[in-house]
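Since we're looking at a predicted model, the values are computed, not measured. So that the names make sense, note that chain A is the first sequence line, chain B the second, and so on, each numbered from 1. Side chains are part of it too, since the values below use all heavy atoms of this structure and drop only hydrogens, waters and symmetry mates.
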Protein chains: 2
Amino acid sequence: MVDRHDGTWTMDVKTVCLGMLTDGPASGYDMKKCFESTFGHFFPAGYGSIYPALATLARNGFVEFEEVPQDGKPDRKVYSITEEGREELHKGLANPKPSHKVRSEFLAMMCFAHLMSDEQIDEVIDNKLLELDGFLNLFGECPAERCGGKASIGTQFVAGFGRHIASSLRTYIKDNRGMLTSSDGEKIRLAAGSRQ
Amino acid sequence: MVDRHDGTWTMDVKTVCLGMLTDGPASGYDMKKCFESTFGHFFPAGYGSIYPALATLARNGFVEFEEVPQDGKPDRKVYSITEEGREELHKGLANPKPSHKVRSEFLAMMCFAHLMSDEQIDEVIDNKLLELDGFLNLFGECPAERCGGKASIGTQFVAGFGRHIASSLRTYIKDNRGMLTSSDGEKIRLAAGSRQ
DNA sequence: GATGTATAGTATCAGTTCGATATATAAATA
DNA sequence: TATTTATATATCGAACTGATACTATACATC
């Protein structure tokens, strides 16, 4: 949780970890799986973020952990949220203007479509459509049961959000990919101009 | 440009800067304005990314610069792309699977809606809708002229993409916000469960 | 007259995150 | 037998974010 100097805090990996723990104790490995299956689609985090986050949370007393030995497998550090952790989580949830950021190599690349060959563009677009189809197949009709538990009402809202956007994205790309290729005068003119 | 060890390179700030320079010479300040007005909506970058990127590009011979004195104002460092820079840019554009990542405090927060009050949720949703309206007003009907020049065909595709998604997003939020509030049994049950 | 803010321009820094890698063992698969 | 997959921890360099620093003019507002 980082102080934004305007009374709000960032909703960072630490906050999401705290939120996950309100569902019950979990290890860093468990959380990584949860990020992979669900949160990662709109709030990615790898081990490089999760373990330091848990270490900081433990140092500040927002989580506690218990080392659970296992036979054959490495020990599990099972984390639980503390009462101070719940307060910290509520601070994180109090931000009235949470961000929603996109970082798209895809769109940046498409801005320079006039510097690419039609074959390159087609390959990129086809791959993107396949990726979207894969996503929609995976999340198409499962309104619940992710991350090892009953989905909260918020999780259902977010899952629907993801499906809606993915589907809308696919429609736009399918309907408009034609303008990027099929070399008309426009494209040739631009390519020539950029060579200059 | 970072080697991904699979034959492709990341489309990073350096690549976008190179792409911008194919339109003509520009200073770091000019590029920052271009990121703010256009690229920043799907590929954000601040001075902290742009200046180091230009320094690295210059060190590698992908751009050259000329210091232009001005009266009253600080000197401008005006950068131009070199022939090696164009080659480097084409490497960046050769990645057939460019990423499209979302990092959304908003969606992460909504996953924990059952831990928030109806008033908090309403405020967050209202703000998000206002933000989207602002975006759509700004980009509603301008298919060209951004970043000080005629928009390429790719830029038009991307602008349309942004409008389409923003509008779709707004629709989903408006149609489904009801499930997050209006405390029915579901919400009360979840809140109680989390208190345990 | 003073303060605030906007413009134009450069640049750095602390904190965070990303992606890859290291380490270790067991089970399943080729 | 060799390789991959799963379980589980953790670290590290490179990159990015957001804020800040510095200089200087100009135009409002208090």
Could you state the atom-to-atom distance from CZ of Arg103(B) to C1' of dA15(D) in whole Å?
14 Å
Kindly indicate, with the supporting measurements, whether the criterion salt bridge (Lys or Arg N to Asp or Glu O under 4.0 Å) is fulfilled by Asp126(B) and Arg177(B).
CA-CA 10 Å; Asp126(B) 288 339; Arg177(B) 64 182 297 176; 3.0 Å; yes
Ranking dT7(D), dG9(C), dA10(D) by distance to the side chain of Lys33(A), first place goes to dT7(D)
Residues that Phe135(B) engages under ring pair (Phe, Tyr, Trp, His ring centres under 6.0 Å), provided they are two or more places apart:
His41(B), Phe139(B)
Under the rule for ring pair (Phe, Tyr, Trp, His ring centres under 6.0 Å), what residues qualify as partners of Tyr79(A), not counting sequence neighbours?
Phe65(A)
Would you indicate what Gly48(A) reaches in the nucleic acid, counting non-hydrogen atoms under 4.0 angstrom: base, sugar-phosphate, or nothing?
base
Residues in ring pair (Phe, Tyr, Trp, His ring centres under 6.0 Å) contact with Tyr29(B), at least two apart in sequence or another chain:
none
Whole-Å gap separating P (dT21(C)) and NZ (Lys32(A))
14 Å
How many whole angstroms separate atom OH of Tyr29(A) from atom C1' of dT23(C)?
15 Å
Below 3.5 Å between N/O atoms, which protein atoms pair up with nucleotides 21-25 of chain D? Just atom names and distances, please.
none

Run the side-chain hydrogen bond (donor to acceptor under 3.5 Å, both in side chains) test against Ser168(B) and tell me which residues pass, sequence neighbours left out.
His164(A), Ser168(A)
Can you list everything that forms a side-chain hydrogen bond (donor to acceptor under 3.5 Å, both in side chains) with Arg76(A)? Sequence neighbours excluded, please.
Asp30(A)
For Lys101(B) and for Ser27(B), locate the closest nucleotide of DNA chain C by heavy-atom distance; then report the residue assigned to the nucleotide nearer the 5' terminus.
Ser27(B)
